[in-house]
Amino acid sequence: MQDYLKGLNEKQKEAVEHLDGPLMIVAGAGSGKTKVLTTRIAHLMQHGVDAFNILALTFTNKAAAEMKERIEKILGNSEARNLYIGTFHSVFARILRAEANKLGYPNNFTIYDSDDAKSVVKSIVSDMNLDDKHYKPAYVYNRISAAKNGLIDPRAYKQDTFIQQEDARSNRPLLGDIYEAYAMRCFRNGAMDFDDLLFKMYELLVRFPEVLAKYQHRFHYILIDEYQDTNVAQYQIIKMLGAVHENICVVGDDAQSIYSFRGATVQNILQFEEDYDDVKVVKLEQNYRSTQSILNVANEVIANNKNQIKKELWTDNTAGEKITLVRTQTDNDEGRFVADAITEMKLRNHYANKDFVILYRTNAQSRSFEESLRRMNIPYRLLGGVSFYQRKEIKDFLAYLRVIVNPQDEENLKRIINYPARGIGKTSIERVIIAANTHNTTFWEMLHQPAATGLKGAAASAIEEFVTRMKSFQVMLEKQNAYDVAFAVGKHTGLVQELYNDKSVEGLARYENVQELLNSIKEFTETPDEEGELREKTLGSYLQQITLLTDADNNKDENSDVVKLMTIHAAKGLEFPCVFSVGLEENLFPSAMSLYDRSDLEEERRLFYVAITRAKERLWVTYANSRYRFGNLVQNEPSRFIDEIPEKYLDRTFTGINSRGAQGSVGGFGKSLNQSFDKVPSLKKLADKLQQAPPAEHKPTSDFKADDPMAMEVGMEVEHLKFGFGKITSVEGGANNRIATVQFQGGHGQKKIMLNYAKIRIVK
DNA sequence: TGATGCTAACTTTTT
DNA sequence: GTTAGCATCA
């Protein structure tokens with residue numbers, strides 16, 4: 001166990017063995033950064049530092065989990081469990097959860113993801129009678145987010161002349177008011193958005209010196225991963241937390257700073273040396289990941305940036321293959337090329353699917369690759385895009401759980417109050433809102449006194465029933481675990497039944513997704529407690545945790561043999577034997593948004609640098625002459641970044657159509673891709689067509705005559721004018737609104753029929 | 001109230 | 001090319 005230092009080079013050892021005082025590690029791509037960080041933590045623990053006194057912050061859950069695992073391996077015991085390792089957001093959420101009352105929040109505060117946040121913005125914009133075409137929720141939210149990341153509260157926002165000028169110039173002078181209303185609404189709902197987890201953490205430490213002191217004395221050693229991606233809020237928090245012991249170790253690479261759009265500032269790295277006396281700086285410049293060729297290209301490209309810390313990455317690795325530059329006619333051809341190349345490489349060089357990654361600038365580019373991979377029967381997995389937790393059925397289910405835990409949360413309450421439909425319509429909800437405003441109370445409180453809202457009859461009793469139901473779940477919360485509560489919710493709200501009844505392909509998938517969610521809750525409740533006093537197995541802690549989970553964190557099939565597709569941003573920190581960096585076109589990469597500003601353009605270049613340095617053995621850079629964007633074909637020039645790669649490192653054997661040497665091949669590819677590919681309809685459409693084909697048109701029997709809705713009962717065989725014959729599986733609703741669920745024959749599946757409108761005849 | 005069909009907006013990147 | 005959100009219809 002003592003030999004954990006053996007595998008390190010001199011520089012790495014220097015960083016690991018530095019015990020006390022501020023330390024900055026400038027770690028080039030592939031220079032063993034994680035190894036140094038984890039070994040250093042293990043080393044600290046070997047020298048008597050208690051795991052409970054070490055805090056390590058990362059940007060992704062995945063990075064945190066990996067660090068923990070590696071430390072455990074080095075130490076060979078379970079002490080690593082006591083380490084405080086997590087993402088900024090999750091660690092701060094945990095601390096805020098413990099201290100929430102000081103800030104006037106419930107301990108079980110809800111965390112809003114960006115979709116939740118945008119819908120709050122939207123409802124505020126409409127409350128203020130503003131046009132949401134002009135005050136677009138996404139724009140407004142970004143603006144608020146940027147303010148929070150810069151630690152600017154609503155008051156400061158309104159007083160800042162520069163910001164006010166900006167808003168005046170964009171003709172959105174009321175942004176400050178929206179921000180203020182948004183903050184108030186979130187507070188009233190007992191909810192924090194992602195940025196609040198930083199912003200409120202900062203507020204907590206500033207306003208409550210005793211809280212600050214507590215955590216300052218708890219965390220003797222603080223380590224920060226990906227320091228180049230920290231923003232002002234994170235910077236200030238770290239500075240405060242570390243002020244007593246000054247044992248702060250930051251690891252970063254200015255060349256890989258790719259999150260300035262989210263408020264990150266490289267300035268934090270450059271500033272570090274000035275913030276503390278006697279900062280030890282260690283540069284890790286030996287790359288263990290990539291071949292010479294790949295590294296040369298990376299160095300050449302990044303050299304075009306003016307703003308950077310001087311360093312030269314080098315490697316002992318072999319020269320390797322040249323970088324393959326590929327030009328295709330269209331985006332579909334690009335997809336086809338990559339799938340072909342993967343097939344070829346697997347055959348020739350015995351690579352496995354999981355050795356490949358396709359990296360693109362925007363999520364929207366995934367389509368053509370998915371299609372071609374499917375056509376070639378290559379299994380793949382897409383990271384990013386719509387995450388599991390953003391799906392409607394999951395959000396609906398989670399909305400229930402959130403409201404049970406935190407009934408103040410009006411947004412989620414409104415989402416579920418009439419789903420599944422229980423007769424609490426728009427007008428009833430409106431009346432409750434108005435009554436809540438006049439009585440100066442919350443929506444939830446108002447629901448307890450239907451009389452005061454002026455609602456009576458069916459609406460009032462429906463509300464009463466809903467409230468009773470929700471309260472019974474809240475009671476369960478005290479005695480039963482998260483899974484039992486969730487299961488009861490699924491059962492008693494009709495949520496699961498609703499999905500179960502839908503027998504379409506999508507319906508089945510939705511049903512399975514909900515089962516999957518229940519499984520994950522079960523897993524959560526059954527996994528034994530790990531670290532720290534702040535972690536519990538309640539539904540509340542489950543909800544906070546999953547909101548901070550990303551698609552990329554779902555590493556269940558981490559080792560499954562599939563090709564991965566993701567954005568370059570999502571690939572940061574990962575490595576693959578074979579990398580396809582695709583879509584190298586002007587306006588796409590670099591993005592059109594970045595062309596007018598030197599620093600934006602340099603960030604795009606760093607992004608390309610990140611893409612290149614993911615590759616261990618082989619790298620392809622591809623671009624298409626034309627591609628579909630917004631539904632129409634656009635022509636793009638090759639990316640300027642391609643011109644920055646010296647010719648001597650490039651293999652242009654395949655240069656596509658209408659070009660010199662057009663008939664060449666890639667790494668011995670026999671097939672020329674010049675020929676136009678046979679047009680195959682997209683698989684999704686094909687699948688849809690197959691799905692939809694069977695439902696044959698029904699010709700009603702000659703004596704067709706609709707029967708009285710009230711005569712319909714479960715079990716009856718009926719004939720529908722259009723859908724033909726079927727059997728009634730359930731009937732609901734009163735005289736004016738009677739609905740029958742009918743299982744039809746002939747591919748029509750199950751349908752809900754409004755008996756007042758539809759023509760239905762009883763067969764027997 | 002739910003299904004359907006049309007339009008408009010959408011594309012940076014993420015915790 | 002895709003999808004969310006709406007207006008319309010039954």
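Below, chains carry the letters A, B, ... as their sequence lines are ordered, and counting in each starts from 1.
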Can you tell me, in whole Å, how much space there is between the P of B:dT13 and that of C:dA4?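 Taking atom P in both B:dT13 and C:dA4, they lie 15 Å apart.
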
Tell me: [atom1] of [X] to [atom2] of [N], nearest whole Å?
{"X": "A:R629", "N": "B:dT12", "atom1": "CZ", "atom2": "P", "answer": "8 Å"}
{"X": "A:Q390", "N": "C:dA4", "atom1": "CD", "atom2": "P", "answer": "10 Å"}
{"X": "A:Y141", "N": "B:dT15", "atom1": "OH", "atom2": "P", "answer": "12 Å"}
{"X": "A:N231", "N": "B:dT13", "atom1": "CG", "atom2": "C1'", "answer": "15 Å"}
{"X": "A:D132", "N": "B:dC10", "atom1": "CG", "atom2": "P", "answer": "11 Å"}
{"X": "A:D113", "N": "B:dT15", "atom1": "CG", "atom2": "P", "answer": "12 Å"}
{"X": "A:R361", "N": "B:dT12", "atom1": "CZ", "atom2": "C1'", "answer": "4 Å"}
{"X": "A:K118", "N": "C:dA4", "atom1": "NZ", "atom2": "P", "answer": "12 Å"}

Closest nucleotide of DNA chain B for A:F59 versus for A:K133: which of these residues is on the 5' side?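 Nearest-nucleotide comparison on DNA chain B picks A:K133.
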
Take A:I258 and A:A421, find for each the nucleotide of DNA chain B with the closest heavy atom, and name the residue whose nucleotide sits nearer the 5' end.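 Its nearest nucleotide lies further toward 5', so the answer is A:A421.
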
Indicate, with a heavy-atom threshold strictly under 4.0 Å, whether A:K136 touches base, sugar-phosphate, or nothing.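 The answer is sugar-phosphate, as A:K136 gets under 4.0 Å only of primed atoms, P, OP1 or OP2.
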
With a 4.0 Å cut-off on heavy atoms, is A:Y259 in touch with a base, just the backbone sugar-phosphate, or nothing at all?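 Sugar-phosphate only.
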
Could you check which of [options] has an atom nearest any side-chain atom of [X]?
{"X": "A:T567", "options": "B:dT13, C:dG1, B:dT1", "result": "B:dT13"}
{"X": "A:H569", "options": "B:dT13, B:dT15, B:dG2", "result": "B:dT13"}
{"X": "A:N363", "options": "B:dT15, B:dT14, B:dC10", "result": "B:dT14"}
{"X": "A:F261", "options": "B:dT14, B:dT1, B:dT15", "result": "B:dT14"}
{"X": "A:H89", "options": "B:dT15, B:dA9, B:dT14", "result": "B:dT15"}
{"X": "A:R367", "options": "B:dT13, C:dG1, B:dT12", "result": "C:dG1"}

Could A:R94 and A:Y84 be counted as a cation-pi pair, given that NZ or CZ must be under 6.0 Å from the ring centre and within 45° of the axis?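 The answer is yes, since A:R94 meets both limits relative to A:Y84.
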
Electrostatic pair [X]:[Y] at N-O distance under 4.0 angstrom:
{"X": "A:D331", "Y": "A:R629", "answer": "no"}
{"X": "A:K395", "Y": "A:D113", "answer": "yes"}
{"X": "A:E334", "Y": "A:R627", "answer": "yes"}
{"X": "A:E371", "Y": "A:R374", "answer": "no"}
{"X": "A:E66", "Y": "A:K62", "answer": "no"}

Which atom pairs, one a donor and one an acceptor, fall under 3.5 Å between side chains of residues 251-265 of chain A and the rest of the protein, sequence neighbours left out?
unit_1, atom_1, unit_2, atom_2, d
A:D253, OD1, A:A255, N, 3.0
A:D253, OD1, A:K311, NZ, 3.1
A:D253, OD2, A:Q256, NE2, 2.8
A:D254, OD1, A:K311, NZ, 2.9
A:D254, OD2, A:I309, N, 2.8
A:Q256, OE1, A:R614, NH2, 3.2
A:S260, OG, A:E603, OE1, 2.7
A:S260, OG, A:E603, OE2, 3.3
A:T265, OG1, A:Q267, N, 3.0

Applying the Watson-Crick and G-U criteria (both distances under 3.5 angstrom) with [ ] for crossing and | for other-strand pairs, one obtains for DNA chain B ||||||||||.....

Report yes or no: do A:S626 and A:Q635 form a side-chain donor-acceptor pair below 3.5 Å?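 On atom types as modelled, these side chains do not qualify, holding no pair under 3.5 Å.
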
